[in-house]
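These notes concern the structure reproduced below.
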Amino acid sequence: MSPVSDLISQSAARSCAVHRKIAGAIYRTPVIASRLPMAEGTRLFYKTENFQHTGSFKLRGASAKLTTVPLDRPVITASSGNHGIACSLAAQTTGHELIVVLPETVVAKKRKTIEGFGTKVVIHGADASLSELHAQQLAEAEGYTYISPYNDAEVIAGQGTAALELFDQVEGVDNVFISMGGGGLISGMGSVIKEFSPQTRVIGVSATNSCALAASIKAGKIVETEHLDTLADGVAGGVDADSLTLPMASEVIDEIVHCDEEQIAAALKLLAWEENMLVEGAAALALAAYLGDSQKYAGQTSVVLLCGGNYEVEQLRGII
């Protein structure tokens, strides 16, 4: 077994252990069948992490990580919003002191939610990657434990628990569509998928306007990319130079699809009007990839991971 394959197996095993440990802290999110008309034998489901307690999958990784940090150790993290919300609820449950560094572009609703937990917030940087760098510097200077949104084995394993649930909920899954940010979700879920259902295809979906992980996978090393505004703000930002997610994602992803802002907006509209679900752009991004080539998946069972529902009301109203 190669070192990377060994890392995948270890992560899947860790997800199994973590799932038992955090079962009381997370919600087993439902899988909902699509209402869209489809060819015979075609099935499309949504794994609805937008219904998770904090409105996104991030609670899984945050809960997993905080259970490993001593209570007398203050913690700090950086986030575009959802990870900060998840850490805030998890820290409120465990009793940890927490600081969250947010980018200047953070969605107002997400910042308000984080502050509602009583969490100390620091605004720094034009995008999530700069916020992460600042949080890491503060952790080193002040003696905090830094919690990466994605570059942490426990966080990754926590995100993988969504795949464990999925396999209990749907049989014979051919394809799983997962939005790509720093790579914690797709690495965690992908490890579980490849360990327990290797024939299932993992399709990573990247926003054209912020595609650091996809570009790094293509280059075989971490590369810097330009980060433009995107409706999928939850996956915006760069990837740490030493990130575990690059080798893991490279191993588990079968295909990468890039989607532009028009495709994301179209998916947001479809989810609202055809599926009766309001989600954030990062969740619609995963569906956009399926819609972009739906005939390719005819006769197959596909699952779209809806990663979050913490949308900005005015922004979503303007789109749908």
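Numbering of residues begins at 1 and proceeds along the displayed sequence.
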Regarding [X] and [Y], is there a side-chain donor-to-acceptor distance under 3.5 Å anywhere?
X: Thr29; Y: Glu49; value: yes
X: Asn151; Y: Asp242; value: yes
X: Lys47; Y: Gln169; value: yes
X: Ser34; Y: Glu275; value: yes
X: Thr208; Y: Glu261; value: no
X: His227; Y: Ser210; value: yes

Would you mind checking if Glu115 and Lys112 are paired as a salt bridge, meaning a charged N to carboxylate O distance below 4.0 Å?
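No, Lys112 and Glu115 are not salt-bridged.
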For the [atom1] atom of [X] and the [atom2] atom of [Y], what is their distance to the nearest 0.5 Å?
X: Asp229; Y: Thr105; atom1: CG; atom2: OG1; answer: 7.5 Å
X: Thr48; Y: Phe57; atom1: OG1; atom2: CZ; answer: 14.0 Å
X: Lys221; Y: Ser250; atom1: NZ; atom2: OG; answer: 13.5 Å
X: Lys109; Y: Ile114; atom1: NZ; atom2: CD1; answer: 12.5 Å
X: Ile156; Y: Gln10; atom1: CD1; atom2: CD; answer: 12.0 Å
X: Leu102; Y: His134; atom1: CG; atom2: NE2; answer: 11.0 Å

Do Glu154 and Val69 pass the side-chain contact (heavy atoms from CB on, under 4.5 Å) test, and can you show the C-alpha distance, the side-chain angles, and the key distance before you say yes or no?
CA-CA 11 Å; Glu154 290 295 328; Val69 179; over 6 Å; no
Side chain of [X], backbone of [Y]: donor and acceptor closer than 3.5 Å?
X: Glu251; Y: Met248; value: no
X: Ser187; Y: Gly184; value: no
X: Thr301; Y: Val173; value: no
X: Ser63; Y: Arg60; value: no
X: Trp273; Y: Ile320; value: yes
X: Ser243; Y: Val239; value: no
X: Ser9; Y: Asp6; value: no
X: Lys194; Y: Thr200; value: yes
X: Gln159; Y: Gly61; value: yes

Can you give each donor-acceptor pair under 3.5 Å made by side-chain atoms of residues 278-294, sequence neighbours left out, with the distance rounded to 0.1 Å?
residue : atom : partner : partner atom : Å
Glu280  : OE1  : Asn82   : ND2          : 3.1
Glu280  : OE1  : Lys110  : NZ           : 3.1
Glu280  : OE2  : Asn82   : ND2          : 3.0
Glu280  : OE2  : Gly309  : N            : 3.3
Glu280  : OE2  : Asn310  : N            : 2.9

Do [X] and [Y] belong together in a cluster built from hydrophobic side chains that touch within less than 4.5 Å?
X: Val192; Y: Ile186; answer: yes
X: Ile123; Y: Ile85; answer: yes
X: Leu164; Y: Met189; answer: yes
X: Leu305; Y: Leu59; answer: no
X: Val106; Y: Val100; answer: yes

Flag side-chain contact, heavy atom, 4.5 Å: [X] against [Y]:
X: Ile193; Y: Val252; answer: no
X: Arg43; Y: Asp174; answer: no
X: Val257; Y: Glu255; answer: yes
X: Leu231; Y: Ile319; answer: yes
X: Thr245; Y: Tyr150; answer: yes
X: Ile217; Y: Ile253; answer: yes
X: Thr77; Y: Val101; answer: no
X: Ile203; Y: Ile178; answer: no

Above 12 or not: heavy atoms from other molecules or residues under 6.0 Å from CG of Asp254?
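Yes, enclosed.
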State whether the number of non-hydrogen atoms from other residues, nucleotides or ligands found under 6.0 Å of Gln137 atom CD is greater than 12.
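It does: Gln137 CD has more than 12 such atoms within range.
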Of all heavy-atom pairs between [X] and [Y], which one has the smallest distance, and what is that distance?
X: Leu213; Y: Gly181; answer: CB-O, 3.5 Å
X: His258; Y: Ala214; answer: CE1-CB, 3.7 Å
X: Ser79; Y: Pro103; answer: O-CD, 2.8 Å
X: Val155; Y: Ser148; answer: CG2-O, 3.7 Å
X: Met180; Y: Val235; answer: O-CB, 3.3 Å
X: Tyr146; Y: Ala139; answer: CB-CB, 3.8 Å

Please test Leu98 against His96 for side-chain contact (heavy atoms from CB on, under 4.5 Å), starting from the C-alpha separation and ending with a verdict.
CA-CA 6 Å; Leu98 171 68; His96 285 91; 5.6 Å; no
Is the Tyr46-Phe51 ring centre distance short of 6.0 angstrom?
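No: the rings miss the under 6.0 Å criterion.
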After noting the C-alpha distance and the side-chain angles of Gln300 and Thr42, does the key distance pass the side-chain hydrogen bond (donor to acceptor under 3.5 Å, both in side chains) rule?
CA-CA 5 Å; Gln300 301 176 36; Thr42 304; over 6 Å; no
For the residue pair Tyr27 and His53, does the interplanar ring angle fall in the parallel (under 30°), tilted (30 to 60°) or perpendicular (over 60°) class?
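Rings of Tyr27 and His53: tilted, 30 to 60°.
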Ser197 vs Gln199, side-chain hydrogen bond (donor to acceptor under 3.5 Å, both in side chains): CA-CA, chis, key distance, verdict
CA-CA 6 Å; Ser197 182; Gln199 73 279 6; 3.1 Å; yes
Yes or no on side-chain contact (heavy atoms from CB on, under 4.5 Å) for Leu185 and Cys307, after CA distance, side-chain angles and deciding distance?
CA-CA 9 Å; Leu185 177 62; Cys307 58; 4.2 Å; yes
Could you please spell out the steps behind the side-chain contact (heavy atoms from CB on, under 4.5 Å) verdict for Phe45 and Ser302?
CA-CA 6 Å; Phe45 296 95; Ser302 298; over 6 Å; no
